[in-house]
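For ligands, and for the atoms within them, numbers begin at 1 and follow the listed sequence.
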Amino acid sequence: MTPSRPLLLGVNIDHAATLRQARYRGAHPSPHAEPDVVAFTREALAGGADGITLHLREDRRHIQDADVHAIAALPGVRLNLEMACTPAMNAFARKLKPAAVCLVPESREEVTTEGGLDVAGQLARVKETTHVLKAAGIEVSLFIGPDAHQIEAAVAVGAPVIELHTGAFANAWKSPAAAAELERLRAGCELAHRLGLIVNAGHGINYDNIRAILTLPHLHELNIGHSIVARALFTGIRGAVAEMKGRLKPSA
Ligand code: PXP
């Protein structure tokens, strides 16, 4: 079923920062460091990004604190901050007040077999973080696998939004296992929608497998990073985002 309205596109810019960090390390990179991640973000917005997603990792592997603050200050940006469920990141988010926070796993103990956040295995912790962030006016999303147990746990902790992990499907794309992974995502979308959750999706989505992702019901937003940033090396980020936006249109 093709959705009747275009999905929103959140552009994950982490890999622009990965490229910068490959040469310029440290929390305060030189003003000459390339690429300029803020200028890159402006261009992504000019290409039609509905939101900007970035992951401030505890190890500061790619995005730095200064990037988050500079991007949050861009006019009209809808920021989705991916972060670990830790007291330090919780405090950071409450101060920053992005439009949305997506809680993602960073340590091995927090990861389910799907690779998503193990919400069911740490209900109290995720519930407390969700509550505190919601009280600060931030929309909270949980990055989870398409597993009924985890979707029900997302409802139990009071999260209004989930982002279904599409990595297993993306890894299986063009193999015999892809159809089953897509059906698992479809069942996850249907269950989450029935339970009143807003359903986003992301990880490993590209210009090709997006065709299959678009057959999933009830999707609200896709978060796509690597494939768009990779294409930007050839086309520029504005064109790469515009092309992906074109693929999200119902008639495309
Ligand atoms: N959504 C979440 C929660 C992620 O952690 C990532 C990867 O940073 C993405 C979406 C984007 O994945 P990709 O870079 O493979 O498009």
Side-chain angles (χ1 to χ4, degrees), residues 7-19 21 37 40-41 44 49-63 67-68 71 78-85 89 93 98-108 110-112 114-119 126 129 139-147 150-151 154 159 161-173 181 185 188-189 192 197-210 212-214 216 219-233 237 240-241 243-245 247-248:
L7 286 171
L8 299 179
L9 175 61
V11 176
N12 183 314
I13 55 138
D14 292 350
H15 290 302
T18 301
L19 180 57
Q21 297 304 111
V37 172
F40 189 85
T41 302
D50 297 298
I52 296 296
T53 295
L54 39 73
H55 184 176
L56 185 66
R57 294 184 58 94
E58 297 237 279
D59 62 11
R60 303 302 195 262
R61 177 185 302 180
H62 37 52
I63 294 290
D67 297 324
V68 183
I71 289 167
R78 182 182 181 277
L79 192 65
N80 174 32
L81 174 68
E82 292 177 3
M83 59 176 234
C85 188
M89 286 311 306
V101 157
C102 182
L103 296 177
V104 299
E106 282 188 20
S107 67
R108 286 186 56 162
E110 299 172 319
V111 184
T112 64
E114 318 286 353
L117 186 68
D118 183 9
V119 180
V126 180
T129 302
E139 181 185 87
V140 180
S141 164
L142 307 177
F143 184 50
I144 57 175
D147 170 3
Q150 298 295 342
I151 294 168
V161 185
I162 57 168
E163 179 172 327
L164 288 179
H165 195 319
T166 50
F169 160 74
N171 289 340
W173 178 239
E181 290 299 340
L185 285 166
C189 288
L197 295 168
I198 293 171
V199 192
N200 299 335
H203 203 94
I205 300 174
N206 61 35
Y207 293 85
D208 187 30
N209 67 24
I210 185 96
I213 294 289
L214 290 179
L216 296 173
L219 286 177
H220 175 70
E221 181 171 45
L222 299 179
N223 281 306
I224 309 179
H226 185 269
S227 186
I228 292 177
V229 174
R231 184 151 303 203
L233 293 174
I237 185 64
V241 172
E243 188 178 347
M244 189 61 87
K245 279 283 286 187
R247 300 213 179 182
L248 296 188

> Please state which protein non-hydrogen atom is closest to atom 10 (C) of ligand 1 and give its distance, to 0.1 Å?
Replying inline: Glu163 OE2, 3.3 Å

>> Only heavy atoms of Ile224, strictly under 4.0 Å: list the atoms of ligand 1 that pass.
In response: 16 (O)

>> Parallel, tilted or perpendicular, judged at 30° and 60°: which one describes the rings of His165 and His203?
In response: tilted

> What are the atoms of ligand 1, with element, lying closer than 4.0 Å to any heavy atom of Gly204?
Replying inline: 12 (O), 13 (P), 15 (O), 16 (O)

>> Show me which atoms of ligand 1 lie under 4.0 Å from any heavy atom of Val104.
In response: 3 (C)

> What is the minimum heavy-atom distance between Ser227 and Asn206, and which atoms define it?
Replying inline: OG-CB, 3.2 Å

>> Counting only heavy atoms, tell me which of His203, Glu82, His165, Arg57 gets closest to atom 12 (O) of ligand 1.
In response: His203

> Which of the atoms of ligand 1 are close to His226, meaning less than 4.0 Å from one of its heavy atoms?
Replying inline: 13 (P), 14 (O), 16 (O)

>> Starting from atom 16 (O) of ligand 1, what is the nearest protein heavy atom, named by residue and atom, and what distance separates them?
In response: Gly225 N, 2.8 Å

>> Is the terminal nitrogen or CZ of Arg247 (NZ for Lys, CZ for Arg) located under 6.0 angstrom from the six-membered ring centre of Tyr207 and within 45° of that ring's axis?
In response: no

> At a non-hydrogen distance cut-off of under 4.0 Å, which region of His55 contacts ligand 1 (side chain, backbone, both, or neither)?
Replying inline: neither

>> With a 4.0 Å cut-off on N to O distance, would you call Asp14 and Arg61 a salt bridge?
In response: no

> Considering only heavy atoms from C-beta outward, does the side chain of Leu197 approach that of Val161 to under 4.5 Å?
Replying inline: no

